[in-house]
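A quick write-up on the structure given underneath.
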Amino acid sequence: MDLSRRPQPAPPASPEQAQFLGPFDNLVWNRPRTRRLFGFTHVFEAYKPAEHRTYGYYVCPLLTDDQLTARADLTRNGHHLTVLRAHAEPDAPADTPARLDQACRRLQRTLAELSFGAGPA
């Protein structure tokens, strides 16, 4: 294994950085509480037929500061992240697209770190 090619570790997200949450994250798992606290309606649409989905198959909310400001339908192939769709919430701050981009780049770096050294020895 050539350690000189190892990707630089992604720094951990700070409270100021936007962070993707999985659809089953404790913060959004209780859907009525999430709606009450954040005004955010999260529906897991993976089991719906594609034509009946509003936001996508595996949608991850974006936590920015103390708000859920966007959602993205993410997929990965190995260590490559693909954003199939992204939606800002109606009351999202103006910098939401930039914060979404930063969160995607950080997640991409994390995926690259996880896949380093994978494969035949």
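Nothing fancy with the numbering, it's 1 onward along the sequence.
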Arg106/Asp101 salt bridge by N-O under 4.0 Å criterion: no
Take Arg33 and Arg36, measure what side chain to side chain contact (heavy atoms under 4.5 Å, CB included) needs, and give me the verdict at the end. CA-CA 5 Å; Arg33 182 189 65 193; Arg36 188 176 65 251; 3.6 Å; yes
CG of Asp91 to CD of Gln67, rounded to nearest 0.5 Å, is 6.5 Å
Report, as yes or no, whether the 6.0 Å neighbourhood of atom CZ on Arg31 holds more than 12 heavy atoms from other residues, nucleotides or ligands. yes
Closest non-hydrogen atom pair between Pro23 and Phe44, with its separation: CB-CD1, 3.8 Å
Using 0.5 Å steps for rounding, measure from the CZ atom of Arg71 to the OG1 atom of Thr54. 8.5 Å
Do Phe38 and Asp66 make a side-chain contact, defined as non-hydrogen atoms from C-beta onward lying under 4.5 Å apart? no
Should Leu37 and Leu63 be counted in the same cluster of Ile, Leu, Val, Met, Phe, Trp and Tyr side chains packed under 4.5 Å apart? yes
Walk me through whether Arg76 and Thr82 qualify under side chain to side chain contact (heavy atoms under 4.5 Å, CB included). CA-CA 6 Å; Arg76 69 177 249 195; Thr82 302; over 6 Å; no
Contact between Val83 and Cys104 at the side-chain level, heavy atoms closer than 4.5 Å - yes or no? yes
How long is the straight-line distance from CG of Leu100 back to CG of Leu62, given to the nearest 0.5 Å? 5.5 Å
Is the backbone of Asp73 close enough, under 3.5 Å, to the side chain of Arg85 for a donor and an acceptor to pair up by distance? no
Do Val43 and Lys48 have side-chain heavy atoms sitting under 4.5 Å apart? yes
Using atom types as modelled and distance alone, determine if a side-chain donor or acceptor of Asn77 lies under 3.5 Å from a backbone N or O of His80. no
Tightest non-hydrogen contact, residues Ala18 and Ala103, listed as O-CB, 3.8 Å
My understanding is that only one of Tyr57, Tyr58, Phe20 makes a side chain to side chain contact (heavy atoms under 4.5 Å, CB included) with Leu74; could you say which? Phe20
With distance as the sole test, does Thr34 use its side chain to make a donor-acceptor pair with the main-chain N or O of Leu27 at under 3.5 Å? yes
Rounded distance (nearest 0.5 Å) linking atom NE2 of His42 with atom CG of Leu68: 9.5 Å
Return yes if some donor-acceptor pair links the side-chain N/O of Thr96 with the main-chain N/O of Ala92 below 3.5 Å, else return no. no
Say whether, by atom type as modelled, one donor and one acceptor occur between the side chain of Glu45 and the main chain of Arg53 under 3.5 angstrom. no
Shortest non-hydrogen contact between Ala88 and Ala70, atoms and distance: CA-CB, 3.9 Å
Straight-line distance of Thr69 OG1 to His87 NE2, nearest 0.5 Å: 13.5 Å
Taken to the nearest 0.5 Å, the spacing of Leu21 CG from Trp29 CH2 works out to 15.5 Å
